[in-house]
There are 2 protein chains.
Amino acid sequence: MTTKQRTTKQRTAILEALAEQEDFRSAQQLHDDLRSAGQAVGLATVYRNLQALAAGGQVDVLVTDDGESIYRQCAEEAHHHHLVCRECGSTVEFQAPELEEWTRAIAAAHGFTDVHHTMEVFGLCPEHEAGEAPSR
Amino acid sequence: MTTKQRTTKQRTAILEALAEQEDFRSAQQLHDDLRSAGQAVGLATVYRNLQALAAGGQVDVLVTDDGESIYRQCAEEAHHHHLVCRECGSTVEFQAPELEEWTRAIAAAHGFTDVHHTMEVFGLCPEHEAGEAPSR
DNA sequence: GAAGACATGACAATCATTCTCAGGAGCCGG
DNA sequence: CCGGCTCCTGAGAATGATTGTCATGTCTTC
């Protein structure tokens with residue numbers, strides 16, 4: 001099950017790049033980051049590793065509204081959710097025991113089993129809460 | 001803000017196609033559906049109208065794991081969530097007042113403003129809850 | 001019925017992501 | 001330490017969904 005995986009310097013580099021990041025980053029951003037850092041890693045490699053890491057639960061994935069996948073190395077190992085600033089991308093992790101229970105209850109009420117859910121919260125962090133409607 | 005919109009037969013056709021559907025459909029699926037139904041509508045038009053309808057709150061949009069946008073005409077006008085069977089795609093709508101409040105609370109606790117959230121639940125509906133691990 | 005405004009449709013253009021394939025680098029037994 | 005085999009990497013091509021372009025069609029209003 002646990003697909004055999006080697007320890008290559010590219011993989012290590014990617015993990016380190018993720019470790020230095022607070023925010024969610026797209027594969028492409030990460031690729032740029034690595035380039036800038038002098039670590040020339042192929043784009044395809046970044047994608048492959050990111051997927052592998054995500055599959056192994058070592059990083060969290062989110063799909064943005066426009067269908068881009070973004071990755072982040074999270075502090076919590078356990079299931080948790082995110083509060084993300086839609087301007088600067090800064091992220092707060094939080095857990096929601098009530099939500100979990102509550103979800104289970106709703107699912108059960110409709111006879112659904114083997115449930116899992118996605119829930120993310122987007123907003124403006126204290127630093128960006130100004131009342132203007134900028135870019136989009 | 002309310003962009004002026006005409007009543008064209010294409011738009012009508014799209015709405016009808018959506019009305020006949022219980023499940024979420026992608027733009028391309030809808031396009032095919034229309035084609036099959038004899039209503040030859042341009043793909044670009046389907047995309048445009050879907051977006052317009054979504055913006056106007058007349059249809060709901062969901063972004064799948066692989067970044068595809070899927071649309072559905074929902075019964076509820078108000079904000080609500082979905083419980084979707086990952087085998088057959090059948091969907092149950094539900095509201096979650098507690099969740100809404102609760103989300104606001106968490107956001108506030110971290111100083112976030114202008115918050116909105118996404119939350120969808122996936123599972124196996126009563127008809128598919130068998131213990132086998134089929135396709136994927 | 002005519003003019004102007006917006007919608008449509010076919011196709012090109014984008015963009016993120018995946019595939020392909022040749023060359024390179026870990027890992028294991030000797 | 002060496003050979004060999006397998007997995008990984010990297011560059012670019014290929015894919016697939018979505019968006020842009022622009023000439024033409026169709027409402028609406030007068």
Side-chain angles (χ1 to χ4, degrees), chain A residues 1-18 21 23-56 58-72 89 135-136, chain B residues 1-18 23-56 58-72 89 136:
Chain A
M1 205 79 340
T2 358
T3 323
K4 185 190 308 186
Q5 295 197 170
R6 270 178 192 159
T7 312
T8 65
K9 54 184 119 177
Q10 286 86 343
R11 170 174 296 255
T12 310
I14 292 174
L15 272 173
E16 282 176 2
L18 276 169
Q21 280 298 154
D23 320 342
F24 276 94
R25 324 260 330 167
S26 69
Q28 317 237 7
Q29 280 180 310
L30 226 25
H31 177 243
D32 286 350
D33 292 352
L34 287 165
R35 276 280 154 91
S36 315
Q39 289 282 349
V41 181
L43 183 54
T45 305
V46 175
Y47 275 102
R48 274 187 296 242
N49 279 303
L50 245 20
Q51 284 181 177
L53 291 168
Q58 297 176 69
V59 300
D60 268 32
V61 202
L62 233 61
V63 180
T64 64
D65 292 344
D66 49 314
E68 199 179 5
S69 297
I70 51 181
Y71 304 81
R72 179 171 193 264
S135 39
R136 141 186 325 226
Chain B
M1 207 69 340
T2 358
T3 323
K4 187 189 307 185
Q5 292 196 173
R6 269 177 193 160
T7 313
T8 65
K9 54 183 118 175
Q10 286 86 346
R11 171 174 296 254
T12 311
I14 291 173
L15 271 172
E16 281 175 3
L18 276 168
D23 319 342
F24 278 93
R25 325 257 331 161
S26 69
Q28 318 239 3
Q29 277 180 311
L30 228 22
H31 177 242
D32 286 351
D33 292 352
L34 287 165
R35 276 279 154 89
S36 315
Q39 289 281 348
V41 181
L43 181 54
T45 306
V46 175
Y47 274 103
R48 275 187 295 243
N49 278 303
L50 245 22
Q51 284 181 176
L53 291 168
Q58 295 175 72
V59 300
D60 267 32
V61 201
L62 232 60
V63 180
T64 64
D65 291 344
D66 49 313
E68 200 178 4
S69 298
I70 51 180
Y71 303 81
R72 178 171 192 263
R136 135 186 337 227

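All heavy atoms count here, side chains included; hydrogens, waters and symmetry mates do not. Chain identifiers are assigned alphabetically (A, B, ...) following the order of the sequence lines, protein sequences preceding nucleic acid strands; residue numbering begins at 1 within each chain.
- Residue contacts shown for B:N49 are limited to sugar-phosphate atoms, with no base heavy atom under 4.0 Å away.
- Distance A:D66 CG to D:dG16 C1': 16 Å, rounded to the nearest Å.
- The CZ-P distance, from A:R25 to C:dT17, rounds to 14 Å in whole Å.
- Side chain A:R6 to base D:dT6: a donor-acceptor pair is found below 3.5 Å.
- Checking C:dT17, D:dA17, C:dT8 against every side-chain atom of A:L43, the shortest atom distance belongs to C:dT17.
- The shortest distance between the side-chain N/O atoms of A:T8 and the OP1/OP2 oxygens of D:dC7 is not below 4.0 Å.
- The interatomic distance linking B:H31 (NE2) with D:dG16 (P) rounds to 17 Å, in whole Å.
- Summarising the geometry, atom CD belonging to B:Q58 is positioned 10.5 Å from atom CG belonging to B:L18; distances are rounded to the nearest 0.5 Å.
- Among all heavy-atom pairs drawn from B:V61 and B:S69, the shortest one is CG1-CB, 4.2 Å.
- Across D:dT18, D:dG10, C:dT18, the shortest atom-to-atom separation from the side chain of A:Y47 is found for C:dT18.
- The side chain of A:T45 sits closest to D:dT9 out of D:dT9, C:dT17, C:dA10.
- Closest to the B:A27 side chain, of the nucleotides D:dC8, C:dG9, D:dT18, is D:dT18.
- Checked by atom type and distance alone, the side chain of B:H31 pairs as donor or acceptor with a backbone atom of B:V41 at under 3.5 Å.
- Of all heavy-atom pairs spanning B:F24 and B:Q29, the tightest one is O-OE1, 4.2 Å.
- As judged by a 4.0 angstrom heavy-atom cut-off over every strand, A:Q51 is placed among residues touching the sugar-phosphate backbone only.
- Of all the heavy atoms in B:T45 and B:I14, the pair that sits closest is O-CD1, 4.2 Å.
- As a whole-Å value, the separation of A:L50 CG from D:dC8 C1' is 16 Å.
- The distance from atom NZ of B:K9 to atom C1' of C:dT8 is 11 Å, rounded to the nearest whole Å.
- Along DNA chain D, the nucleotide nearest to B:G67 and the one nearest to A:V46 differ in position, and the one closer to the 5' end is contacted by A:V46.
- Here A:S69 lies in heavy-atom contact (under 4.0 Å) with sugar-phosphate atoms only.
- Regarding contacts with the backbone of C:dG9, a side-chain N or O of B:Q10 is found under 4.0 angstrom from either OP1 or OP2.
- Side-chain atoms of B:R48 stay outside donor-acceptor range of the base of D:dG20, with no qualifying N/O pair under 3.5 Å.
- Distance, A:Q29 CD to C:dA16 P: 10 Å, rounded to whole Å.
- One atom, CG of A:D65, and another, P of D:dT19, lie 12 Å apart when rounded to the nearest Å.
- We find that CD of A:E68 is positioned 12 Å from P of C:dC15, with the value rounded to whole Å.
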